[in-house]
Amino acid sequence: MSKGQILNVAVNVPLSRLFDYRTPEGASIEPGSRVLVPFGRTRKVGVVMGTSRQTAIDDDRIRPIIEVIDEAPLWRDPELWLLRFTSDYYHHPVGEVVGAALPALLRQGKALHPTIEMLAASDAGTATCVEALAKRAPKQALLLETLLDAGGDGLDADTLNEMLPNWRRSIRPLIEKGFVTRFESRAPDYDDRSFGTGTPGPELNPAQSEALETMRSQIGFSAFVIDGVTGSGKTEVYLGRMQDVLADGKQVLVLVPEIGLTPQLVSRLRVRLGIEPALLHSGLSDLQRLASWRAARSGAAHLVVGTRSAVFVPLADPGLIVVDEEHDHSLKQQEGLRYSARDLAIARAKHLDVPVVLGSATPTLETLAHCRSGQYRRLVLPHRAGSAEPPRLKLIDTSRTPAIDGLSQALLSAIEAHLGREGQVLLFLNRRGFAPTLICAGCGHIAECRRCDSRMTVHARHGQLRCHHCGASRPLDTSCSECGSAVTPLGEGTQRLEESLRRHFAGRHIMRIDSDSTTTKGAMDDALAQATEGRAHILVGTQMLSKGHHFPNLTLVGIVNADQGLFGTDFRCAEKLAQSIVQVAGRAGREHRAGDVLIQTAYPDHPFWKTLIEGGYERVAADSLSEREQTRWPPFTRLALLRSAAHKRDDAHRFLEHARQLASRSGPAAMRILGPVDAPMARRAGRYRAQLLLQSADRGELHAVLAELRPALENDKLARKVRWSIDVDPVELF
Ligand code: ADP
Ligand code: ZN
Ligand code: ZN
């Protein structure tokens with residue numbers, strides 16, 4: 001037994017436990033603070049999760065911490081609760097939860113408000129002749145010019161790293177000549193410019209007002225679901241509630257799937273609320289992200305907008321959490337700590353006793369089931385706001401008149417007609433690259449990835465075959481590796497579609513938007529601006545184009561190939577297909593002109609189409625819910641998926657077989673255990689993958705089994721040969 005304060009510290013290692021350390025004589029350290037601790041033969045940054053008077057460890061074996069990093073705790077009680085809850089619910093080591101929740105610089109042990117290295121041109125540097133310098137030392141001249149452009153405040157080292165990656169090689173002589181000074185400065189804060197009261201929005205229609213009034217009538221925690229067709233004015237309703245909360249002096253946290261895809265939402269919030277939001281997303285530098293995090297924690301930022309990990313941001317005085325596009329799978333982290341930011345937002349709001357609002361035109365069946373049971377309150381906006389009409393959906397049967405390079409005659413004529421009336425056209429195809437496969441005309445051999453059980457995608461422009469699962473690439477074959485015959489690309493990707501459109505519509509401005517065309521910084525923003533202003537006549541793209549955008553001139557949406565989704569093996573396939581079609585269809589006819597949506601399918605008689613076209617997403621969702629109830633899939637049961645991957649197939653399976661035995665020993669009879677089986681893609685990036693599915697109608701039961709399973713597996717020697725994970729409430733079953 002030990003005397004004095006014992007710290008229970010979360011350390012970022014894959015072990016489900018806290019580590020005990022001793023406080024230095026006379027010090028008192030509060031939970032939520034970071035400490036530097038000795039760990040084995042290294043030192044690590046940890047976060048104090050709690051303190052105790054006693055520990056099971058012998059007095060002489062318990063080690064003291066090395067130092068306290070934070071003057072005041074980073075997180076307070078409600079946030080520490082969230083971290084513990086996340087660890088318990090997802091059965092994930094608490095140290096890794098804390099690691100995932102911290103911005104990178106804090107995870108590395110940097111100060112909450114770090115000092116940074118700054119460089120600026122001196123008076124002598126300003127006076128010198130850059131052209132003369134450029135003749136002798138062009139790199140020095142470039143660096144000096146960059147600093148001169150930045151003005152008297154200079155630039156920080158991180159920014160310079162981005163602008164001129166090799167700047168450090170040229171800085172010494174510039175400092176020695178006295179042209180540049182180096183100094184330290186405190187990292188800049190989030191810019192809390194607020195510009196007055198903002199701009200008023202449109203007068204709310206009756207459905208919007210009713211939704212807003214219902215939210216206003218509730219005090220404390222409530223989960224609201226704004227279920228409104230695309231363009232029904234959901235955002236206006238959130239805005240109304242945000243204004244109330246901000247006027248009360250409280251903070252609003254908005255979670256969005258991907259900020260890069262929704263610059264329109266951010267600028268709309270800025271303009272309407274008159275506040276500069278503190279942003280948290282992966283497109284920012286580490287320093288910028290830290291500045292937003294600090295401002296959220298201190299309360300300097302009233303409006304915080306971020307992607308999924310922002311659910312963990314400390315908030316000084318939270319009053320409302322909004323989750324936009326709650327159906328979007330980007331809100332679920334799919335590796336490492338596999339959490340749903342939407343579900344954690346609800347748990348957090350409940351713990352804080354503040355309202356949470358989920359919005360979507362296509363709510364998930366999980367959310368709809370919670371509405372039915374009365375746990376969430378559903379607020380329906382049945383019509384498009386203003387004068388916009390709902391888009392009209394029609395099928396094009398490609399079994400009789402096949403599409404050539406992805407385009408049927410009927411679709412081509414429709415494009416022609418819409419362009420003729422000055423309408424903009426969007427073609428949706430969820431496959432990037434030129435063609436999804438390369439096939440041999442002689443023997444039918446298909447080019448496959450050597451490291452995955454998957455086909456290689458043809459990227460014609462780069463003369464490459466690429467694997468979209470592991471990133472492998474190789475030169476495009478010119479003849480079959482098996483028989484030597486000619487090979488041809490089979491099927492369409494967005495690049496092939498783009499080429500084919502250029503042939504048909506020469507002289508039109510055609511723009512492709514997918515992850516290949518938007519790799520450079522700012523490319524996505526540029527593309528979206530061109531699309532919004534109507535400068536691009538035809539847009540071709542993947543689901544990146546379907547999310548939340550508002551293109552005023554867009555009147556025709558063509559869905560090039562929807563058939564993949566009709567025959568999926570996943571129990572969510574109808575839900576997912578309906579969501580993606582309704583979301584992309586919702587881009588059409590958002591202003592004064594009605595929109596058309598044409599869907600190419602070789603299976604026009606499939607019952608899914610009748611349900612969708614006649615009953616909309618709502619009917620698809622209702623039918624799927626009944627089906628899931630009968631077949632006992634979520635939301636009527638709960639799932640957890642154990643995954644393993646190893647260089648030998650046997651190892652991956654043996655590990656899960658062992659897990660199965662442990663689970664069936666401790667598990668109640670009502671729990672179903674399916675597997676272990678090969679994953680749908682059994683080999684990926686050279687590793688064999690297997691999975692084991694645990695299913696139960698009782699969440700408590702399932703969690704009790706997982707709580708026993710996790711530590712048992714962590715300590716098992718079979719685990720050393722595999723990479724394994726537990727995915728609670730998985731959204732992808734592969
Ligand atoms: P959603 O979030 O449901 O897609 P938005 O809030 O973006 O819908 O609204 C869609 C469009 O309709 C926007 O251009 C918005 O300015 C406009 N709008 C929203 N509410 C109203 C209203 N009550 N009257 C007129 N126009 C509205
Ligand atoms: Zn062949
Ligand atoms: Zn591969």
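We count ligands from 1, going down the list as the structure has it; atoms in each ligand are counted the same way. Both backbone and side-chain heavy atoms feed into the values below; hydrogens, waters and symmetry mates do not.
Here Arg216 does not pair with Glu210 in a salt bridge; the nearest charged N to carboxylate O distance is not below 4.0 Å. Under 4.0 Å is where a charged nitrogen must lie from a carboxylate oxygen, and between Lys394 and Asp596 no such pair does. One finds no salt bridge joining Arg689 and Asp678 here, because no Lys/Arg side-chain nitrogen approaches an Asp/Glu carboxylate oxygen to under 4.0 Å. The pair Arg308-Asp328 fails the salt-bridge criterion, with no side-chain N (NZ, NE, NH1 or NH2) lying under 4.0 Å from an Asp/Glu carboxylate O. Between Glu732 and Lys576 there is a salt bridge, with a side-chain nitrogen of the basic residue lying less than 4.0 Å from a carboxylate oxygen of the acidic one. Using a cut-off of 4.0 Å between Lys/Arg side-chain N and Asp/Glu carboxylate O, Asp651 and Arg649 are scored as not salt-bridged.
Ordered by chain and number, Cys440 SG, Cys443 SG, Cys480 SG, Cys483 SG make up the set of protein N, O or S atoms under 2.8 Å of the Zn ion (ligand 2). Around the Zn ion (ligand 3), protein N, O or S atoms at less than 2.8 Å comprise Cys449 SG, Cys452 SG, Cys467 SG, Cys470 SG.
Residues Arg684 and Asp453 form no side-chain contact, since every pair of their non-hydrogen atoms from C-beta on lies 4.5 Å or further apart.
Ring orientation note: the planes of His459 and His468 are nearly perpendicular, at an angle over 60° on the 30°/60° scale.
Protein residues with a heavy atom under 4.0 Å from ligand 1 are Pro202, Glu203, Leu204, Asn205, Gln208, Val229, Gly231, Ser232, Gly233, Lys234, Thr235, Glu236, Arg268, Ala385, Gly386, His550, Arg590.
With ring centers used as reference points, His418 lies 6.0 Å or more from His537.
Distance alone, capped at 3.5 Å, places no donor-acceptor pair between the His327 side chain and the Ala361 backbone. A donor-acceptor contact shorter than 3.5 Å links the side chain of Arg384 to the backbone of Glu389. Under a 3.5 Å cut-off, the side chain of Gln424 and the backbone N or O of Ile538 do not form any donor-acceptor pair.
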Would you list the atom pairs, donor with acceptor, under 3.5 Å between side chains in residues 469-492 and any protein atom, with sequence neighbours excluded?
residue : atom : partner : partner atom : Å
Arg474  : NH1  : Glu448  : O            : 3.1
Arg474  : NH2  : Glu448  : O            : 3.1
Glu492  : OE2  : Gly406  : N            : 3.4

